[in-house]
Amino acid sequence: ACGKAGQCEKALSLLRKMHDAHSPRPDVIIYGAAISACEEAGQWEEALLLLGEMHSMYGLHPNVITYNSAISACGKAGKWEKALSLLEDMRSVHGLNPDVITFNAVISAYGRAKQWRRALFLFRKMHSVYGLIPDVITYSTAIDACGKAGQWEKALSLLGEMHSGHGLSPNIVTYNAAISACGRAGQWKNALLLLRGACSIDGLSPDEFTYNSAIDACGKEGRWEEALSLIGEMQSVYGLCPDVVTFNSAIDALGKAGQWKRA
RNA sequence: GGAUUAUUGUGCG
């Protein structure tokens, strides 16, 4: 609870109180929760300390979930090398089998660090070497990793792969990542095609992220008329509320087009 | 029964 509320310090001080002799002994789940709390606060070093401490102080063995949390903590802090070495440790040191969530977390770590080649390599390897089937989160994460690195064509081909595969359909987050990938690369027309495709091909309802990403895609290219029209549409067709992000992108569009009065 | 993974803007750090 402390972690989700951004109160990493409170979580850690509760854990320290459990070191008292008359307190109940912390278990593997308590440590998992504490490591997650570090993750939200960017405290990857603390997360790694806890991973060691649970064994040295209490003889607790980290499990796959504990490792996944620690990997995610490192990934969110931009430490992809640490994330990768945890993936190796969990196998070689603890004999644990990484699961789909483990790989998703490492791919996400690569994405944040703009390591798209590594992200795609691991994406393939999790299937070919570990026999794990990528899920919709794996695809969304990999698409986002490509998008963050400017690789919009790679992102779109992953989305296409989902459609040609079997039993795995993109959800709105997958599309949002793809739209954002196009937007970052100046591909505003493709971003709009994806927005339409999400509805017409996959029957998905766009959310605020979808529209904000599409509006920003237009904004980056100065397409202010399209941007303003999308703001109207998100309200009238889907009942979505433009927020501060929406307006920032629209103002950006107007500014780039020299429309300072409208801005 | 309780802990883990994905998506949007600007600026600053």
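Naming: A, B, ... by sequence-line order, numbering from 1 per chain. This is a predicted model, so every value here is computed, not measured.
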Please report the distance, rounded to the nearest Å, between [atom1] in [X] and [atom2] in [N].
{"X": "A:Ile29", "N": "B:rG2", "atom1": "CD1", "atom2": "C1'", "result": "5 Å"}
{"X": "A:Trp80", "N": "B:rU5", "atom1": "CH2", "atom2": "P", "result": "22 Å"}
{"X": "A:Asp243", "N": "B:rG9", "atom1": "CG", "atom2": "C1'", "result": "9 Å"}
{"X": "A:His61", "N": "B:rA3", "atom1": "NE2", "atom2": "C1'", "result": "18 Å"}
{"X": "A:Ile35", "N": "B:rG2", "atom1": "CD1", "atom2": "P", "result": "19 Å"}
{"X": "A:Leu240", "N": "B:rU7", "atom1": "CG", "atom2": "C1'", "result": "15 Å"}
{"X": "A:Ile231", "N": "B:rG9", "atom1": "CD1", "atom2": "C1'", "result": "12 Å"}
{"X": "A:Leu122", "N": "B:rU5", "atom1": "CG", "atom2": "C1'", "result": "13 Å"}

Legend entry - Which nucleotide in B:rG9, B:rU8, B:rU4 has an atom nearest any side-chain atom of A:Ser36: B:rU4
Inset, instruction - Looking only at side-chain atoms of A:Ala177, point me to the closest of B:rU5, B:rG9, B:rU7. - result: B:rU7
Inset, instruction - Verify side-chain contact (heavy atoms from CB on, under 4.5 Å) between A:Asp135 and A:Asn104, making sure each step is shown before the conclusion. - result: CA-CA 9 Å; A:Asp135 63 11; A:Asn104 292 351; 3.4 Å; yes
Inset, instruction - Could you tell me whether the side chain of A:Asp20 and the main chain of A:His22 form a donor-acceptor pair under 3.5 Å? - result: no
Legend entry - Main-chain N/O of A:Leu204 paired to A:Asp202 side chain as donor or acceptor, under 3.5 Å: no
Legend entry - Nearest atoms (heavy-atom pairs only) where A:Pro134 meets A:Leu168: O-CD2, 3.5 Å
Inset, instruction - Could you tell me which non-hydrogen atom of A:Ala34 sits nearest to which non-hydrogen atom of A:Leu15, and how far apart they are? - result: CB-CD2, 3.9 Å
Inset, instruction - For B:rG9, take OP1 and OP2 only and decide whether either is under 4.0 Å from a side-chain N or O of A:Lys256. - result: no
Inset, instruction - Please state whether the phosphate of B:rA6, meaning OP1 or OP2, lies under 4.0 angstrom from any side-chain nitrogen or oxygen of A:Lys148. - result: no
Inset, instruction - Could you check whether A:Val28 gets within reach of a base, just the sugar-phosphate, or nothing at all, counting any heavy atom under 4.0 Å? - result: base
Inset, instruction - Supply the atom-to-atom distance A:Tyr67 OH to A:Asp89 CG, rounded to the nearest 0.5 angstrom. - result: 5.0 Å
For a quick check, tell me whether the side chain of [X] and the base of [N] share a donor-acceptor pair closer than 3.5 Å.
{"X": "A:Asn63", "N": "B:rA3", "result": "yes"}
{"X": "A:Asn212", "N": "B:rU8", "result": "yes"}
{"X": "A:Asn248", "N": "B:rG11", "result": "no"}
{"X": "A:Asn171", "N": "B:rA6", "result": "yes"}

Inset, instruction - Check the pair A:Arg196, A:Glu233 against salt bridge (Lys or Arg N to Asp or Glu O under 4.0 Å), reporting the backbone distance first and the verdict last. - result: CA-CA 12 Å; A:Arg196 301 309 170 206; A:Glu233 178 185 307; 2.7 Å; yes
Inset, instruction - Flag yes if more than 12 heavy atoms outside A:Lys76 fall under 6.0 Å of its NZ atom; otherwise flag no. - result: yes
Inset, instruction - Name every residue in residues 135-146 of chain A that has at least one heavy atom under 4.0 Å from any atom of RNA chain B, in order of residue number, or write none if there are no such residues. - result: A:Ile137, A:Ser140, A:Thr141, A:Asp144
Inset, instruction - For RNA chain B, determine which residues of residues 102-111 of chain A have any heavy atom closer than 4.0 angstrom to one of its atoms, and list them numerically. - result: A:Asn104, A:Ala105, A:Ser108
Inset, instruction - Flag the pair A:Glu161 and A:Arg124 as a salt bridge only when some basic side-chain nitrogen lies within less than 4.0 angstrom of an acidic carboxylate oxygen. - result: yes
Legend entry - Option passing side-chain hydrogen bond (donor to acceptor under 3.5 Å, both in side chains) with A:Asn176 (candidates A:Asp207, A:Asp144, A:Asn171): A:Asp207
